[in-house]
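Below: one structure, written as structure tokens.
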Amino acid sequence: MLQKIKSELFSCIQEIYPKIEFSNNDIEVSCLYDEKGDFTSNLCLKYSKLLKEKPSDIAKNIIDIFKLNEITKIELAGPGFLNFFITDLAVMDLLNEEPSSFNDTSSVNIEFVSANPTGPLHLAHGRGAVVGDVLSNIYKYFGHKVTREYYVNNTGNQIKEFVSSVLFKISEKYKLNLNYSQHYKGDYIQTIADNCYDQFNNSIQFNNINEEDEINLANFAIKSLVEESIKTLKQTGIKFDQISYETDIMDKDLLTEIINKLSDKKLIYRGQLEMPKDYQGTKKENEITIFKSTFFEDDEDRAVTKNDGSPTYFANDVAYHVDKHKRGFDKLINIWGADHLGYLKRLSAALCALYPSINFSVVFCQIVNLKRDNKIQKLSKREGNIFELKLLVEEIGIENFRYFMCYRKNDTHMDLDIDLIKKENKENPIYYIQYSYARAQSVLDRKKNIIDASIDMPLELKNLYKKLFDWDSVVLAAYQRQEVHLIAHYLESLASYFHSLWSSAKANSQIKFLDNNDNISSHSYNLLKKYQDTLNQGLKILGIKPKLKM
RNA sequence: GCGCUCUUAGCUCAGCUGGAUAGAGCAUCUGCCUUCUAAGCAGAGGGUCGCAGGUUCGAAUCCUGCAGAGCGCGCCA
């Protein structure tokens, strides 16, 4: 229907203004949901300058010659909108429209969560986890081959500090007087320390630990933390296809190749970088390897190796993304927290320098504040003051968790009000949507025969038809803009039209789904089926199961 | 100091890349169950879209400046 209106508008324009170059794609037509009409177009307003006429004159010219069987009336409205009214038959026929044939089977790698293995998953990981999972589902919906990937930074200073913190706890508990300092606080460190002690009590002399022992301890602790994280995510319906470890990538020695390649392009040099003003450590005098990322409009050049010659986090990360690229994906997407905002330029710069054609993008998730007792809770991992994801999901439930984590636009700050979600769990959007599904199901359960009947088309019914028709454009928008919240909002709005129709039947029994003999008209039956089908598609993308009964 | 994300109703947030009277949920108030599920519906009140300029037929949306919030700015990860 949209296409029909668009192409008829296009031929009208061509007929009236034959000399002006105009493309079919310039025409926008969208649904209306009130008495103003069924569809609307703003093209007279938008192109009045190009066509060198007043919007209202263009509209009048179009109205004069516009012809389409399904259209009963066209109105010039407001400052120059064209509003279209379609026949009831055409409204019902909206359900039979082919969904957009958009299909792209190229392969996509979506990397998300990728939490540092120094503690359990917490609230902040939750948003990225759900957004990444839902985005993956959207890509799948449009035919892509999707790989969900989880990256583990299992080397570097943070791991040393982590092991040190564990050994500090062991030393404290068993009064060993070891020389380790505490970097990470929090009860979970004690738990890990206990597990490590139990595991290695026989094989390691804790009074005389060597480097190899530390590595073994680290590997054991990391392994159990990663396993625990993956398990927690699995319990919320998030499964990964691939887990990659930084050390495994390092073993492939991609870095030599990368540095050579960048050197050939004169983007690598040896030198020194200024330390930040508040840097506390000892001043480094050695020359290091530096990537000229300012060439790609980064704020400063970036270190590739550290003073001791070992690769920086950045260098390994470039190698990791090169590795992903080499595995043959057509597109790489990363879901990052807002604390990595400043990191995008340098990674893009490196990837762009190495593989100019690479299709790499990042979706950012802003901070989630936890609100409890009407107060924002200050959470800090280093201070050991965290809210474990597992406990959050247990407290509010998987459905609430998934729904609320993608309810808000990913790049806006968000307050998660625990008390509100719990207190109003019967009134929150996800129950509202589920309830509409169950209502539809109750009619289907009760119906006897499917019969032919005439149709009455009040506004509430018409709106539901149009809203269902709109699903196609919403899911496409969510895909193109990489914005998962559009799905959640659409479902809520769709359910609202359903409930509205349902209730209006109280005043007008003509539009009840079932007649007095519990028979259902074929168009009502089709509508309910389509309603459930559309909710199913949306809920499937959100990873939420519909309820048949409530 | 620089960069990024923001500022919309009492609260939490939408606003589809410039369009019609700025929307929804929660909270407050008023109606609606002898008829398919009231976990629902209908309605009311509540707004200078942070402030000030600019761009044009038209700005919450685009540009500039200012104020405020958050995040980031290491040879940490």
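Just so it is clear: chains get the letters A, B, ... in the order the sequence lines come, proteins before strands, and each one is counted from 1. Treat the numbers as computed from the prediction; the structure is a model and nothing was measured.
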Which one is paired to [N], where only Watson-Crick or G-U wobble pairs with both distances under 3.5 angstrom count?
N     : answer
B/C26 : B/G10
B/G40 : B/C32
B/C66 : B/G50
B/C73 : B/G1

**Request:** Syn or anti for B/U21, please, going by whether the chi angle lies within 90° of 0.
**Result:**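 The base of B/U21 is oriented anti (glycosidic angle more than 90° from 0).
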**In B/C73, glycosidic geometry as syn within 90° of 0 or anti otherwise** =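 It is anti.
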Tell me: [atom1] of [X] to [atom2] of [N], nearest whole Å?
X        : N     : atom1 : atom2 : result
A/Gln482 : B/U17 : CD    : P     : 16 Å
A/Asp299 : B/G74 : CG    : C1'   : 14 Å
A/Glu35  : B/A20 : CD    : C1'   : 13 Å
A/Leu486 : B/U17 : CG    : C1'   : 12 Å
A/Arg346 : B/G72 : CZ    : C1'   : 9 Å
A/Lys306 : B/C75 : NZ    : C1'   : 7 Å
A/Ile367 : B/C13 : CD1   : P     : 13 Å
A/Asn42  : B/G18 : CG    : P     : 10 Å

**Prompt:** Would you say A/Asn508's side chain and A/Gln510's backbone share a donor-acceptor pair under 3.5 angstrom?
**Reply:**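 Checked: pair present.
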**Request:** May I ask you to decide if A/Lys46's main-chain N or O and A/Asn42's side chain share a donor-acceptor pair within less than 3.5 Å?
**Result:**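 Looks like no, no N/O pair under 3.5 Å.
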**Residue among A/Phe498, A/Trp502, A/Tyr497 satisfying ring pair (Phe, Tyr, Trp, His ring centres under 6.0 Å) with A/Tyr531** =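 The residue from A/Phe498, A/Trp502, A/Tyr497 that satisfies ring pair (Phe, Tyr, Trp, His ring centres under 6.0 Å) with A/Tyr531 turns out to be A/Phe498.
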**Qualifying residue for ring pair (Phe, Tyr, Trp, His ring centres under 6.0 Å) with A/His499, from A/Tyr432, A/Tyr431, A/Tyr437** =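 One option only clears the test, and that one is A/Tyr432.
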Please measure how far the [atom1] atom in [N] lies from the corresponding atom in [M], and state the result in whole Å.
N     : M     : atom1 : answer
B/A14 : B/G25 : C1'   : 10 Å
B/U5  : B/U21 : P     : 32 Å
B/C29 : B/A22 : P     : 27 Å
B/U61 : B/U48 : P     : 16 Å
B/A24 : B/G47 : P     : 15 Å
B/A20 : B/C49 : P     : 15 Å
B/C66 : B/C71 : P     : 22 Å
B/C16 : B/C62 : P     : 9 Å

Just to be sure I understand the rule, does [X] reach a base, reach only the sugar-phosphate, or reach nothing, if contact means heavy atoms closer than 4.0 Å?
X        : answer
A/Asp339 : sugar-phosphate
A/Arg446 : sugar-phosphate
A/Leu32  : base
A/Asp415 : sugar-phosphate
A/Thr40  : base
A/Gln434 : nothing
A/Ala505 : base

Atom pair [atom1]/[atom2] of [X] and [Y] - distance to nearest 0.5 Å:
X        : Y        : atom1 : atom2 : answer
A/Leu76  : A/Ser56  : CG    : OG    : 6.5 Å
A/Leu542 : A/Tyr407 : CG    : OH    : 12.0 Å
A/Tyr313 : A/Asn157 : OH    : CG    : 13.5 Å

Would you say [X] places a side-chain N or O within less than 4.0 Å of OP1 or OP2 belonging to [N]?
X        : N     : answer
A/His485 : B/C13 : no
A/Tyr435 : B/A39 : yes
A/Trp502 : B/A38 : yes

**Item:** Minimum heavy-atom distance between A/Gln182 and A/Ser165, given as atom pair plus value
**Value:**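 A/Gln182 and A/Ser165 have their closest heavy atoms at C-OG, 4.0 Å.
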**Request:** Write down the atom of A/Ala221, the atom of A/Ile192, and the distance for their closest heavy-atom approach.
**Result:**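 Heavy atoms of A/Ala221 and A/Ile192 come nearest at CB-CG2, 3.9 Å.
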Could you list, one pair per line, each protein nitrogen or oxygen that sits under 3.5 Å from a nitrogen or oxygen of nucleotides 4-6 of chain B, together with the distance?
| from | atom 1 | to | atom 2 | distance (Å) |
| --- | --- | --- | --- | --- |
| B/U5 | O2' | A/Gln366 | NE2 | 3.4 |
| B/U5 | O2' | A/Asp411 | O | 2.6 |
| B/U5 | O2 | A/His413 | NE2 | 3.3 |
| B/C6 | OP1 | A/Asp411 | OD2 | 3.1 |

**Request:** Answer yes or no: does atom CG of A/Asn516 have more than 12 heavy-atom neighbours from other residues, nucleotides or ligands under 6.0 Å?
**Result:**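 It does not: A/Asn516 CG has 12 such atoms or fewer within range.
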**Asked** Considering the options A/Asn316, A/Thr155, A/Asn154, which one meets the side-chain hydrogen bond (donor to acceptor under 3.5 Å, both in side chains) requirement together with A/Glu246?
**Response**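 When side-chain hydrogen bond (donor to acceptor under 3.5 Å, both in side chains) is applied between A/Glu246 and each of A/Asn316, A/Thr155, A/Asn154, only A/Asn316 qualifies.
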**Prompt:** Is A/Asn83 side chain donor-acceptor paired with the B/A20 base, going by distance under 3.5 Å alone?
**Reply:**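 Yes, the side chain and the base share a sub-3.5 Å donor-acceptor pair.
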**Message:** Quick check on RNA chain B: between A/Asn157 and A/Ile511, whose nearest nucleotide comes earlier from the 5' end?
**Reply:**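 It is A/Ile511, whose closest nucleotide lies nearer the 5' terminus.
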**A/Ala338 or A/Tyr343, whichever maps to the more 5' nucleotide of RNA chain B** =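 The residue closer to the strand's 5' end, by nearest nucleotide, is A/Ala338.
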Could you list the protein-to-nucleotides 55-64 of chain B atom pairs, N/O on both sides, closer than 3.5 Å?
none

Review item, nucleotides 41-43 of chain B N/O atoms under 3.5 Å of protein N/O:
| from | atom 1 | to | atom 2 | distance (Å) |
| --- | --- | --- | --- | --- |
| B/C41 | OP1 | A/Tyr432 | OH | 2.5 |
| B/C41 | O4' | A/Ser503 | OG | 2.7 |
| B/A42 | OP1 | A/Ser500 | OG | 3.1 |

**Request:** From the options B/C36, B/G25, B/A77, select the nucleotide whose nearest atom is closest to the side chain of A/Asn116.
**Result:**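 That would be B/A77.
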**Request:** Output the single nucleotide from B/A38, B/C75, B/A39 whose closest atom is nearest the side chain of A/Met550.
**Result:**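 Of all the options, the side chain of A/Met550 is nearest to B/A39.
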**Message:** Taking the basic N atoms (NZ, or NE/NH1/NH2) and the acidic carboxylate oxygens, is any pair closer than 4.0 Å for A/Asp308 and A/Lys306?
**Reply:**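 Between A/Lys306 and A/Asp308 there is no salt bridge, as every charged N stays at least 4.0 Å from the carboxylate O atoms.
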**Prompt:** So is A/Lys447 actually on top of A/Phe513's ring, under 6.0 Å and inside 45° of the axis?
**Reply:**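 A/Lys447 over A/Phe513 ring: no.
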**Message:** Could you tell me if the side chain of A/Gln434 sits less than 4.5 Å from the side chain of A/Pro546, heavy atoms only?
**Reply:**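 Yes, their side chains come closer than 4.5 Å.
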**Message:** Applying ring-ring contact (aromatic ring centres under 6.0 Å, His included) to A/Tyr320 and A/Tyr151, what does each step give before you reach the verdict?
**Reply:** CA-CA 9 Å; A/Tyr320 170 51; A/Tyr151 182 49; 3.7 Å; yes
